[in-house]
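Per chain, numbering begins at 1; letters A, B, ... match sequence-line order.
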Amino acid sequence: MTTIKLHNTMTRRKEAFVPIDPQDVRMYVCGPTVYDRAHLGNARPVIVFDVLYRLLRHVYGANHVNYVRNFTDVDDKINAKSAQTGREIGDITDETVSWFLEDMAQVGALEPNAMPRATQYIVQMVAMIEDLIARGHAYAAQGHVLFSVDSYAQYGALSGRSVDDMIAGARVEVAPYKRDPMDFVLWKPSDEATPGWESPWGRGRPGWHIECSAMAAELLGTQFDIHGGGNDLQFPHHENEIAQSRCAGHGFANVWLHNEMLQVEGKKMSKSLGNFFTVRDLLDQGVPGEVIRFVMLSTHYRKPMDWTEKKRVEAEQTLKKWFRQIGLSTATLDGSVHRGTIEAIADDLNTPEVISNLHALSNAGDFSQLRKSLYLLGLFDGQIPKWARVEGFSDAETGLIRDLLNRREIARGDRDFAKADLLRDGLLDAGVGIKDTATEPEFERLSNFDINKLDGLWGSS
RNA sequence: GGCGAGUUGGCGGAGUGGUUACGCGCCGGAUUGCAAAUCCGUGUAUGGGGGUUCGAUUCCCCCACUCGCCUCCA
């Protein structure tokens with residue numbers, strides 16, 4: 001069996017992955033807060049962990065992997081959006097969830113086995129908070145419940161910080177009801193206008209971190225294999241999850257995986273820099289989902305990834321070539337995969353290495369293995385995508401083009417190259433690309449195909 | 001201020017204690033009336049300084065720089 005190696009943030013080392021139960025490999029990934037379209041940065045962890053999900057399914061069997069990714073649907077950003085637009089919170093979150101799933105499907109992400117929403121697990125969160133209070137790890141104060149960081153000696157182990165360091169750095173809001181400035185909120189009160197649930201501490205809503213601890217325990221058990229997310233979540237979110245869960249007596253996650261951030265043309269994506277865009281924006285501009293995925297996978301997940309126009313163009317070019325090549329292969333997608341591909345993915349998801357191997361397969365003319373490898377990577381679903389296919393012409397258009405090409409052949413025969421080139425350039429201008437071959441000239445429809453220009457050319461020559 | 005990651009050729013981007021993958025670009029060539037496409041081929045890199053070693057790009061230390069996080073954020 002393939003040995004998967006993963007870089008565990010907790011130990012800061014690459015380790016062989018050993019599941020708790022190979023019949024039931026369990027992974028939890030922090031999903032989005034649903035208040036707006038997913039931006040390009042949101043797509044990175046989705047794609048990275050989708051590759052891992054596919055790898056796990058390949059190694060342990062599709063029915064032996066349980067992948068959970070949550071939707072955070074209770075949050076002050078959502079409340080703000082509701083107040084600002086006058087729309088119901090439920091409408092906003094429902095719509096955003098469906099957008100998210102559509103957009104992520106476009107970049108080739110499989111849906112996880114479960115996609116719990118925080119609002120559906122309030123009961124479990126309240127129970128967990130009560131338990132933490134009973135165990136002396138949390139306390140109620142002024143309608144809030146706070147986790148006592150002081151009560152968990154290993155706090156900071158994941159991110160490599162000590163509580164003293166953090167207090168020294170102090171940019172922490174010090175609320176009067178906190179015993180310690182580092183304590184974080186498990187439950188907070190809601191006013192009339194804010195969503196809330198009845199609880200032993202009055203009407204209120206959960207703090208951000210508790211949902212993942214509660215839902216992971218409910219859906220994956222109190223100890224599971226892998227927990228993932230962006231490295232901006234490492235602190236404080238994941239640190240707090242660990243503190244809560246461990247103090248509730250849970251083993252929690254064995255392996256922690258974090259992907260690095262995304263940049264755009266060398267800079268952090270931000271609204272103020274004007275380089276902020278959503279996945280939907282790119283798709284609407286005609287950037288295929290496969291291209292987005294390819295660019296994402298061309299940088300290792302633990303390195304900052306720079307989205308550039310140049311990479312987009314290169315990716316499109318490479319994929320177009322590969323799709324044409326694998327179109328020549330009839331290999332069935334039976335789950336077998338080229339050894340080099342599987343080994344590179346299993347080596348801490350070294351997708352750049354995989355892509356390098358794919359170039360080798362392409363150059364060697366091994367289109368069957370290329371086909372299978374692209375399938376495992378999620379870049380190919382069994383159908384050559386429309387954008388990579390040579391688009392056909394109607395019969396009438398084909399006749400017209402054949403006639404023009406014929407005239408060009410005659411002109412070439414007469415060594416009237418001026419006329420021949422005029423026809424070639426005219427065809428090109430009308431959006432018909434030409435390649436001379438040993439036998440008949442080949443032609444293809446380009447994106448700027450214009451039947452009127454073609455007609456004009458036919459009439460004037 | 002604290003914590004973390006990183007610094008490889010023109011660009012992107014891996015691996016490796018001992019001939020530095022691979023892709024794009026560039027250059028040269030084949031082919032072509034010219035193009036396009038295709039094919040063949042050449043060249044170019046491990047931030048700086050120490051240390052360990054027969055030998056370091058790879059391991060260790062220091063420095064410089066870059067990026068991220070520490071505040072909602074994937």
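Ring geometry for A/Phe235 against A/Tyr155 counts as perpendicular: the plane angle is over 60°, on a 0 to 90° scale with 30° as the lower cut.
For A/His209, the ring-ring contact (aromatic ring centres under 6.0 Å, His included) criterion is met by A/Phe184, A/His237, not counting sequence neighbours. Legend: residues meeting ring-ring contact (aromatic ring centres under 6.0 Å, His included) with A/Tyr152, ordered by chain and number and at least two apart, are absent. A/Tyr301 pairs by the ring-ring contact (aromatic ring centres under 6.0 Å, His included) definition with nothing, not counting sequence neighbours. Applying the side chain to side chain donor-acceptor pair (under 3.5 Å) rule to A/Thr194 yields the partners A/Asp191; only residues at least two apart in sequence or on another chain are considered. In terms of the salt bridge (Lys or Arg N to Asp or Glu O under 4.0 Å) criterion, A/Asp281 has no residue partners (sequence neighbours excluded). Partners of A/Glu343 according to the side chain to side chain donor-acceptor pair (under 3.5 Å) rule, which considers only residues two or more places apart in sequence or in another chain, are A/Arg339. For A/Asp421, there are no side chain to side chain donor-acceptor pair (under 3.5 Å) partners, not counting sequence neighbours. Applying the ring-ring contact (aromatic ring centres under 6.0 Å, His included) criterion to A/Phe71, with sequence neighbours excluded, gives A/Phe100.
Between B/rG13 and A/Ser298, no contact under 4.0 Å exists linking OP1 or OP2 to a side-chain N or O. At B/rG68, none of the side-chain N or O atoms of A/Lys303 fall inside 4.0 Å of OP1 or OP2 (strictly under the cut-off). For A/Lys311 and B/rC11, the shortest distance from a side-chain N or O to OP1 or OP2 is not below 4.0 Å.
For B/rU46 and B/rC11, the C1' atoms lie 16 Å apart once the distance is rounded to whole Å. B/rC73 sits 36 Å from B/rC61 when the C1' atoms are compared, rounded to a whole Å. Only the P atoms considered, B/rU44 is 24 Å distant from B/rC39, to the nearest whole Å. Atom name P, nucleotides B/rC27 and B/rU20: the rounded distance is 26 Å, in whole Å. Rounded to whole Å, the P atom of B/rU58 lies 16 Å from the corresponding atom of B/rU53. For the P atoms, the distance linking B/rU32 with B/rG17 amounts to 48 Å, nearest Å. Straight-line distance between the P atoms of B/rG33 and B/rG15: roughly 47 Å, to the nearest whole Å. B/rG29 and B/rA14: their P atoms are spaced 35 Å apart (whole Å).
Annotation: side chain of A/Val279 is in contact with side chain of A/Met104 (closest heavy-atom distance under 4.5 Å). Within the 4.5 Å cutoff, the side chain of A/Ile4 has heavy atoms near those of the A/Leu56 side chain.
You won't find any donor-acceptor pair under 3.5 Å spanning the side chain of A/Asn231 and the base of B/rG4, going by distance alone. Side-chain atoms of A/His258 stay outside donor-acceptor range of the base of B/rA74, with no qualifying N/O pair under 3.5 Å.
Among the heavy atoms of the strands, none lies under 4.0 Å from A/Thr308. Heavy atoms of A/Leu358 sit nowhere under 4.0 angstrom from any nucleic acid atom. A/Gln234 comes within 4.0 angstrom of no nucleic acid atom, judged by non-hydrogen atoms across all strands. Residue contacts shown for A/Asn357 are absent, as no nucleic acid heavy atom lies under 4.0 Å away. Residue contacts shown for A/Pro352 are limited to sugar-phosphate atoms, with no base heavy atom under 4.0 Å away.
Listed nucleotides: B/rG33, B/rA14, B/rC70. Nearest to the side chain of A/Arg415: B/rG33. Closest to the A/His39 side chain, of the nucleotides B/rA74, B/rC34, B/rC67, is B/rA74. With B/rA21, B/rA5, B/rA74 as the candidates, the nucleotide lying closest to the side chain of A/Glu260 is B/rA5. Distance from the side chain of A/Arg412 is smallest for B/rG33 among the nucleotides B/rG6, B/rG33, B/rC73. In this structure, of B/rG33, B/rC67, B/rG4, it is B/rG4 that holds the atom nearest to the side chain of A/Arg12. Among B/rC73, B/rA14, B/rA74, the nucleotide with an atom closest to any side-chain atom of A/Leu233 is B/rA74. Counting only heavy atoms from C-beta on, A/His300 has its side chain closest to B/rA14 among B/rA21, B/rA14, B/rA5.
Whole-Å rounding puts the A/Arg302 CZ to B/rG68 P distance at 19 Å. Per the geometry, CG belonging to A/Leu158 stands 21 Å off P belonging to B/rG2, to the nearest Å. Rounded to an integer number of Å, the gap from A/Asp232 CG to B/rC67 C1' is 14 Å. Rounded to an integer number of Å, the gap from CH2 of A/Trp208 to C1' of B/rC70 is 13 Å.
Counting only Watson-Crick and G-U wobble pairs whose two key distances fall under 3.5 Å, RNA chain B forms stems of three or more stacked pairs at B:1-7 with B:64-70, B:10-12 with B:22-24, B:27-30 with B:38-41, B:47-51 with B:59-63.
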Listing, residues 314-321 of chain A side-chain donor-acceptor contacts under 3.5 Å, not counting sequence neighbours, or none:
unit_1: A/Glu314; atom_1: OE2; unit_2: A/Lys310; atom_2: NZ; d: 3.4
unit_1: A/Glu316; atom_1: OE1; unit_2: A/Arg312; atom_2: NH2; d: 3.4
unit_1: A/Thr318; atom_1: OG1; unit_2: A/Glu314; atom_2: O; d: 3.0

So which protein N/O to nucleotides 23-26 of chain B N/O distances come out below 3.5 Å?
unit_1: B/rG23; atom_1: OP1; unit_2: A/Asn363; atom_2: ND2; d: 3.0
unit_1: B/rC24; atom_1: O2'; unit_2: A/Glu314; atom_2: OE2; d: 3.1

Interface polar pairs with nucleotides 28-31 of chain B, N/O, under 3.5 angstrom:
none

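Residue-to-nucleotide proximity on RNA chain B shows that, of A/Met305 and A/Gly229, the 5′-proximal contact is made by A/Met305. Along RNA chain B, the nucleotide nearest A/Cys30 and the nucleotide nearest A/Phe417 are compared for position; the residue whose nucleotide lies closer to the 5' end is A/Phe417.
For the pair A/Arg57 and A/Tyr53, the cation sits on the ring face: its NZ or CZ lies under 6.0 Å from the ring centre, inside 45° of the axis.
Aromatic ring centres of A/Tyr28 and A/Tyr67: separated by at least 6.0 Å.
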